[in-house]
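Reviewing the structure listed below.
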Amino acid sequence: MEPIKTQLSNGQIVDAYPLTQAQKFMFWAFNTYGKVPATLNIGTGEYWKGDFDSALMREAIEEAIERSDCFRIRLIPDQQYGTLQYIVPKTESVIEEIDHTNMTYDESYEIIKSWSTVGGNFFESPLNTVKIMHLPDGLNGIYTKMNHLTYDGYSTKVFLADVMGIYLHKKCGKPYPKPMKPYIEMIQKEFEYLDSEKCKEDEAFWKNYFFTETEPIFNDYLKDNRLKKERIEYNQPDRRFAQCFTQNTESRQLIYHISEEDTNTVLESCRKNNLSVVGALMFGLRTALSAFNDNQEDVSFKLMLARRSTLLEKKGGGNRWHMYSIRSIVSEDKTYKEAIDIIEAARDMVYLHCNYDVLKWLYLKYSVKNASLGQTYDSLTFSYHAPIDLPYENEEVKRSSLGIWYNNNFSMQNLYLTIKHRTNDNGFDVIWEYKLDEKGAKEDVALLHEKMMTAMLMGAKNPDITVKEILDAIKL
């Protein structure tokens, strides 16, 4: 696609481009569920102990910003396209240096978290922020607040790894990190896909899939089951979808730090039995959801996909997240390994067609299934962040590191589960983000987490155990 010559408010003419499908979906969700700017914030911190050079870190951040086109994305409203994006050249970035060494860690945490709850201007303004941080207990590092229209969780981590790599090159003489890839080149591939035969094939696949599959069923994570109530309310005993979404976007998090030992139990089982880690995690989640819904065999939830397989996609930054339903029908007589095979087959099917426009996918699905977008078969959304190695000065410094995701207190999802790996020991961090307006959500999500971890570990320790045996152990 040729650039669109666009005039800014100051009269400057820039080369601009439409939003990609992933950005459009994110913008649509933002406008549909709340319109609170902070919902698009990704607040993260990476801190560690040891000798720290603030001047070199500032230089490293400035170089990383220069190398990362998507850090410098700006948005502008447009009558024809709705919103356009353009990249500003290297500018003098304002990188604050914040000292919290005179307070407790908890006090510092609450202040930093509050930054992530504040939204900024969308148009012709910087969308991303980096701060150099000095925390209590000898911790130093950086805080980032990225806008979800310009970064997703994966590209945020890649930017952080680039900063760390440049910093260690300057401080310790370690190899300079390899170049990032051009953002515009990456999104051009997205635009090319829209006119490709592959796009037509994907659309044909999804149309056929929705017209030929049986109707899925809603699986609630609340014990006060919404589908059961709606079956009574609407006098529809066979009803299979439920009202889930609300306009209130205020949310909170439940965070669980899974031990290194329990994490390694899952990882070793996957290696030994040739199973994917994400498959094992999804097994735990779907089995817990099944237990919450009278041992329902048919379980669906949404899976966030980063869609990064090529070097250009991995190093080009931006937001590449698409969201699709993962549906698995697993009978109780299946073993843990057999169940994961079914889950992985469902995931692989989605992977093969995951570049298709998510908004078109949503409207297609719900038009065929005769439900509205305010109703859903998927009660929650799941994302898994595979580990990205962050460079550290040595193993001792790495073991002291602390990676934090700061909740922005607003969510477009009813329930959003993120499982990622800690940088210091590779253990799982399990983050549940739930809406405050759902009665009993905190307690029910805590119970769902307990059931999920029990199911996951039972299977990892005994891959030939049956689903029924696990369901019997985690029944409500």
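With hydrogens and angles disregarded, a donor-acceptor distance shorter than 3.5 Å links the side chain of Arg72 to the backbone of Glu66. Under a 3.5 Å cut-off, the side chain of Ser196 and the backbone N or O of Tyr193 do form a donor-acceptor pair. The backbone N or O of Thr150 lies less than 3.5 Å from no partner atom in the side chain of Gln23, so there is not a single donor-acceptor pair. Under a 3.5 Å cut-off, the side chain of Arg320 and the backbone N or O of Glu313 do not form any donor-acceptor pair. Proximity of a side-chain donor or acceptor of Lys145 to a complementary backbone N or O of Trp115 within less than 3.5 Å is detected. The backbone N or O of Phe410 sits nowhere less than 3.5 Å from a side-chain atom of Thr249 that would complete a donor-acceptor pair. Checking side-chain atoms of Glu124 against main-chain N and O of Ser9 turns up a donor-acceptor pair under 3.5 Å. Judged by distance alone, the side chain of Asn408 and the main-chain N or O of Asn41 form a donor-acceptor pair under 3.5 Å. Between the side chain of Asn140 and the backbone N or O of Phe52 there is no donor-acceptor pair closer than 3.5 Å. Under the 3.5 Å distance criterion, the side-chain polar atoms of Ser155 are left unmatched by any main-chain donor or acceptor of Tyr151.
Counting heavy atoms from C-beta outward, Lys451 and Thr287 have side chains that stay 4.5 Å or more apart. Leu380 has its side chain within reach of Leu289: a pair of non-hydrogen atoms, C-beta onward, lies under 4.5 Å apart. The shortest distance between side-chain heavy atoms of Tyr81 and Ile4 falls below 4.5 Å. Within the 4.5 Å cutoff, no side-chain heavy atoms of Val350 are placed close to those of Leu303. Put simply, the side chain of Glu230 does not reach to within 4.5 Å of the side chain of Phe218, judged on heavy atoms. By the 4.5 Å heavy-atom criterion applied to side chains, Tyr377 and Lys365 are counted as neighbours. Asn248 has its side chain out of reach of Lys435: every pair of non-hydrogen atoms, C-beta onward, lies at least 4.5 Å apart. The closest side-chain heavy-atom distance from Asp220 to Lys229 is not below 4.5 Å.
The 12-atom threshold is not exceeded at NZ of Lys360, counting heavy atoms of other residues, nucleotides or ligands nearer than 6.0 Å. Summarising the local packing, NZ of Lys171 is surrounded by more than 12 heavy atoms from other residues, nucleotides or ligands at distances under 6.0 Å. For Lys174, the NZ atom counts as densely surrounded, since its 6.0 Å shell holds more than 12 non-hydrogen atoms of other residues, nucleotides or ligands.
Taking Leu352 as the reference, nothing meets the side chain to side chain contact (heavy atoms under 4.5 Å, CB included) condition, with sequence neighbours excluded. Every residue meeting the side chain to side chain contact (heavy atoms under 4.5 Å, CB included) condition with Pro391, not counting sequence neighbours, appears here in chain and number order: Ala161, Met164, Leu168. Residues satisfying the side chain to side chain contact (heavy atoms under 4.5 Å, CB included) test with Arg58, not counting sequence neighbours, are Glu62, Ile95, Glu97, Ile132. Partners of Tyr176 by ring-ring contact (aromatic ring centres under 6.0 Å, His included), not counting sequence neighbours, listed by chain and number: His169. Trp361 is linked by a ring-ring contact (aromatic ring centres under 6.0 Å, His included) to Trp206, Phe210, Tyr324, counting only residues two or more places apart in sequence or in another chain. Partners of Ser251 by side chain to side chain contact (heavy atoms under 4.5 Å, CB included), not counting sequence neighbours, listed by chain and number: Asn407, Ser411, Glu433.
Checked by atom type, the side-chain pair Asp106/Thr104 shows no donor-acceptor distance below 3.5 Å. Residues Asn293 and Asn225 have side chains that bring a donor and an acceptor to within less than 3.5 angstrom of each other. One side chain, Ser54 or His134, offers a donor N or O that lies under 3.5 Å from an acceptor on the other. Under the 3.5 Å distance criterion, with hydrogens and angles disregarded, a donor-acceptor pair is assigned to the side chains of Gln413 and Thr381. Side-chain polar atoms of Thr263 and Arg422 form no donor-acceptor pair below 3.5 angstrom.
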Problem set entry | Residues Tyr17, Tyr183; criterion ring pair (Phe, Tyr, Trp, His ring centres under 6.0 Å); working and verdict | CA-CA 11 Å; Tyr17 296 84; Tyr183 174 75; 8.8 Å; no
Problem set entry | Residue pair Tyr384, His421: steps toward the ring pair (Phe, Tyr, Trp, His ring centres under 6.0 Å) verdict | CA-CA 9 Å; Tyr384 167 61; His421 293 263; 5.6 Å; yes
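For the side-chain hydrogen bond (donor to acceptor under 3.5 Å, both in side chains) with Thr423, the qualifying choice from Arg399, Glu46, Lys398, Lys157 is Glu46, the only one to do so. Checked against Thr44 for a side chain to side chain contact (heavy atoms under 4.5 Å, CB included), the options Ile142, Leu160, Thr144 give a single hit: Thr144.
Relative to the ring axis of Tyr221, Arg226 places its NZ or CZ within 45° and under 6.0 Å from the centre.
Taking the six-membered ring where the residue is Trp, the centroids of Phe122 and Phe30 are separated by under 6.0 Å.
Relative orientation of the Tyr392 and Trp48 rings is perpendicular, given thresholds of 30° and 60° on the angle between their planes.
Here CD1 of Ile258 is found 8.0 Å from CG of Leu457. Values are rounded to the nearest 0.5 Å.
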